[in-house]
Structure formats: structure tokens, C-alpha cells
Protein chains: 2
Amino acid sequence: MGDNATTHVMAKSKENKKGASDQRVSKAVVSRLSLYLRELSRLERAGIETTSSTKLGEMLGFSDAQVRKDLANFGQFGYPGVGYRCSELTSTIRQIMGTDQRWPVALVGVGNLGRALLGYRGFANQGFNTVAAFDLDPKIVGTEIDGIPVFSLERVDKIVEEKSIQLAILAVPANAAQEVAQRLVAAGIRGILNFAAVTLRLPDEITVVGVDLAIEMEQLSFAMTSRMSQ
Amino acid sequence: MGDNATTHVMAKSKENKKGASDQRVSKAVVSRLSLYLRELSRLERAGIETTSSTKLGEMLGFSDAQVRKDLANFGQFGYPGVGYRCSELTSTIRQIMGTDQRWPVALVGVGNLGRALLGYRGFANQGFNTVAAFDLDPKIVGTEIDGIPVFSLERVDKIVEEKSIQLAILAVPANAAQEVAQRLVAAGIRGILNFAAVTLRLPDEITVVGVDLAIEMEQLSFAMTSRMSQ
DNA sequence: TAGATTGTTAATCGATTAACAATC
DNA sequence: TAGATTGTTAATCGATTAACAATC
């Protein structure tokens, strides 16, 4: 879930080129922005200096107009007749996404999945730093996994405060997720990446992004079953 | 990717109530269907026998009209004045999604994440059965992990054929993903759940659902950075 | 019967695409 | 200058919501 709720956020105003946020942007725009960023990083690594809305769109399956429109929500970053400078657009999008800064992250639930996520290095260079893990199991509380200390969930308020953590990855069993999530919110967490297969009911100001692997797989079985076009 | 491409599939025709598919349905509809299913299973487990579009919508944050419209793509499953029988609607949606049958699945790339996915039981009761894992590392090829045999990637054609596998979970490093994906397609795979942080370029008839954890986290940092409404 | 809720049509809203003047 | 490509406005398309007759 997360995929559907048309969440909106503030974006550019008319007067300020490369300016601050004051308009609503759909969630679809934000995830395309992430894809542009991923593609731009690849181009940069390949030593390619400039690209265009047409090329970016082609690589990702969007129209050139879509690419330009998405970026236009936040300002003017291109050069007519030239395109976009990859390194420049990369850092601009990083700023927009908030990944030009580092985010300390808590991982809650050190089971199979949680453990794998602790070992996952994909976050780190994206600006996310898992700085603490929480679990109830006394066998692992007090240990370190991949260099990350595992604390008792009892201590979540203290540690979250101490380490100024705003984001959490929730990887506990579905039946515990709602209760644990509320506890995280009480501790000061404002955004949750939820791997549990339940819809969390939390205050509106808390951002929840859901990742349900069974649901993603269902997309595949649906496509296999129906003849899917495109 | 995945999230955005407005993928369309065939759905109900006018004449056949509860009938076969012949109309286009957006990807957004399909993922909401998954959420309805998840919620209905919960209600069933709680012993609740009927529900309504209003109740379902409230639980998930959609309008009642949305729920009815989504279902209307596939037929008529409700009872005016009464609502929907949970068990009935559950099995209907399972049929629509293709999860009333079992899907043998291959897992490719037995690293940290792959290993966790092998141990993950969430798929199984959703109709997905990981029946084979593939890797290059000779230290694990030939072993079993959580009861699932690990084969050399060299043997993918033979095993995929033997076990009639159509779906694969791709959990290899980003720089290997494109090549391995092509190999899977050559072996007969038709749907891929891609955990690698790259956009795969594959023939149109192959369905790819992308899960990029860094991108999901970026949704959170974006929400933290911009004041997000709703 | 009165109340509840469906399925569906029509109205609204938002997102994507097309087109083009401005710019390099 | 000619060619390429932007940013943006207007046109199109699709998805969501509102409304309501039909049904239980």
C-alpha cells in the first residue's frame, strides 16, 4: 500500500526560481523523482555529463513531457537547447528529496527480514543510516549485528530521543505491528517504512510507506492470469 | 518504476456477470484489490461474516464509491441492502488475482536479502511457493536453505522448465541484475519481482514489479522535508 | 414498510500529453 | 543561423467522487 493514497506535499512557488515549497505534489511525482535520481547517478558513474527529458524518459518508460512537468513542480533546472547537467540535477533532486542530509534510522524487529535489512548496504549511500535496532528477544538484546546495537524495545523512547531518530523501519510480525507502531510514534518517530502485512492506524501527521511482499507478488500472479498489455 | 507505469489488464465484459476478463484495469485497481483481500482475511479471521464498501473503505482510507467501482471491474459480488459476504468476496478476489492457485517461484541471488526472503513465510499462505533458489557461489550451491535447494545459475533453464516456474524473485547485486534477468527470461520466466536498484530492460510481455528499498525510504525523507498534508 | 447498501451513470477532479514560443 | 531542447499553457485523457434508482 502507500502506492495508492494520493498524498500531496508542498512544492515550488511561482516567483522563486529553484525556490522553496508551497504547492501540492502527488506521490506519483515523488516516486518518479526517485527514479530520475537513480538513473542520473548511473549516468554520472558512466561519465555522461548531460542528458535530456527525452533520454531520461526513454530509459524509464515515461514521456519527455512527463519528465519536464515533474521537475517543473520544483523550479527550472534545465538549459534550453542543451538539456540537464547530470551532476547538477542529481544534487538538486537530492535536495528536493531530503537525501542531501543524513537520516538516522531505527530498525524495529530483528527477525529474518530485519536482520537482512541491517546487513543491507543499499540505504547507506542514499543518506540513510541505521543507528539502532530494537527487539524483545533477550537473546539478541545487548548484542551488535553488522555493527548496529540491538536494544530492548523498552528503551525506545530514550534511544530515539538521544539519537534524534525520526524514521523507523518496522519489521515485526503483523499481529504486533499496530501496537509497536503506536509506541514508536509516542517515542517521537514521524515516518515508518512498514513491512508488516497490516494497515497501520496512526495520526495523520505520521507518514507510513507500506511494503508488503505478498502484495507485490500478487501483482505478478494477476498479470500472469489476465492477459496483461504493456 | 512499477509504481507508476499505468499498466492495464483485461477485466469483466458487460454481458457476463462474474464473467471473464476483457477490459483494461489500471495497476492502482489491482493493488487496492490486494488491500481489500488483506482486510477481508482479517475480518474472516475475526469471525465477521459481512462487510460493506463503506466499512472496507474506512479501514483502508478509500471512499465507498472507490471500493464498489474497483469491484465493478470484475462483476457483481455484493448484496444490495446487505453488503458483501467476507468469505465469498475473499475467494472471488483470490480468483481475480490468480492466488487461488499455487505459483512455484524461483529465488535468484542468495545474499543477505535473498536468504531472508527464503525464510519469509508471508508468501506461502498467499499462494506462492519458493521451490528453487539460484546463486553462483559454489559454497552454497548444492545446499538447502530453509528446505529450499540452491542450484547453480547455470542450471536455471533446466530447473525452471522441470518445475514449471513462471515467477522469479531477483535479489542479485544491481550490476548483475540486467544480465541475470535476461537469462531468466530466456529460461521461460514471465514475471519478476526485482529487488535490484536498476530499471530492467526486458521484452514488453514480461511483467516486472520493482521494489527498491532506498526509493521507499526516500518517500519518507521527502515527507519529512516538505510539510506533507494528508 | 423503512433502512441499508448495492451497481452504475453522470459530474468532477487531477494527471498526462501535445504543442509551441523562448532560449541556447 | 539552424538545430535542439527547455518551461509552460492548453487539450486530452483517465480516475475518483457524487448521486440515485434498484434491490434486499
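Any value given below was found using the heavy atoms of this structure, including those in side chains, with hydrogens, waters and symmetry copies removed. For clarity, every value in this text was computed on a predicted model and none was experimentally measured. Reminder, nothing fancy here: chain letters follow the sequence lines and each chain counts from 1.
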Participant: Are any of Y84(A)'s side-chain N or O atoms less than 4.0 Å away from OP1 or OP2 of dA4(D)?
Facilitator: no
Participant: Using side chain to side chain contact (heavy atoms under 4.5 Å, CB included) as the criterion, list what pairs up with P173(B), not counting sequence neighbours.
Facilitator: N175(B)
Participant: Please report, rounded to the nearest Å, how far the P atom of dT6(C) is from the CZ atom of F74(B).
Facilitator: 18 Å
Participant: Rounded to the nearest Å, what distance is computed from the CG atom of residue L71(A) to the P atom of nucleotide dT8(D)?
Facilitator: 11 Å
Participant: Rounded to the Å, how far apart are R24(A) CZ and dA15(C) C1'?
Facilitator: 15 Å
Participant: Hey, is the main chain of M97(A) close enough, under 3.5 Å, to the side chain of S221(B) for a donor-acceptor pair?
Facilitator: yes
Participant: For the pair made of CG in N73(A) and P in dG14(C), what is the distance, rounded to whole Å?
Facilitator: 14 Å
Participant: Using a 3.5 Å distance criterion without hydrogens, assess whether the side chain of T99(A) forms a donor-acceptor pair with backbone atoms of Q95(A).
Facilitator: no
Participant: Do the side chain of W103(B) and the main chain of G98(B) share a donor and acceptor less than 3.5 angstrom apart?
Facilitator: yes
Participant: Which stems does DNA chain D form, counting runs of 3 or more consecutive Watson-Crick or G-U wobble pairs with both distances under 3.5 Å?
Facilitator: C:3-24 with D:3-24
Participant: How many Å lie between NZ on K27(A) and P on dA15(C), as a whole number?
Facilitator: 14 Å
Participant: Taking only residues at least two apart or on different chains, which pairs with a member in residues 42-56 of chain A satisfy salt bridge (charged side-chain N to carboxylate O under 4.0 Å, His left out)?
Facilitator: E39(A)-R42(A)
Participant: Search all heavy atoms of A116(A) against all heavy atoms of L113(B) and return the closest pair with its distance.
Facilitator: CB-CA, 4.1 Å
Participant: F77(B) CZ to dT8(C) P: how many Å, rounded?
Facilitator: 10 Å
Participant: Who pairs with R85(B) by salt bridge (charged side-chain N to carboxylate O under 4.0 Å, His left out), at least two apart in sequence or on another chain?
Facilitator: E88(B)
Participant: What is the distance, rounded to the nearest whole Å, between atom CD of Q76(A) and atom P of dT5(D)?
Facilitator: 18 Å
Participant: Is there a side-chain polar atom (N or O) of R85(B) under 4.0 Å from OP1 or OP2 of dT6(C)?
Facilitator: no
Participant: Measure CG/D70(B) against P/dG14(D) and give the value in whole Å, please.
Facilitator: 17 Å
Participant: So S53(A), base contact, sugar-phosphate only, or nothing? Heavy-atom distance under 4.0 Å.
Facilitator: sugar-phosphate
Participant: Could you list all the salt bridge (charged side-chain N to carboxylate O under 4.0 Å, His left out) pairs where at least one residue sits in residues 67-76 of chain B, not counting sequence neighbours?
Facilitator: R32(B)-D70(B), D64(B)-R68(B)
Participant: What's the shortest heavy-atom distance between V108(A) and V172(A), and which atoms?
Facilitator: O-CG1, 3.6 Å
Participant: Each nucleotide in nucleotides 17-24 of chain D should get exactly one letter: B, S or -. Can you fill that in based on protein heavy atoms under 4.0 Å?
Facilitator: BBB---BB
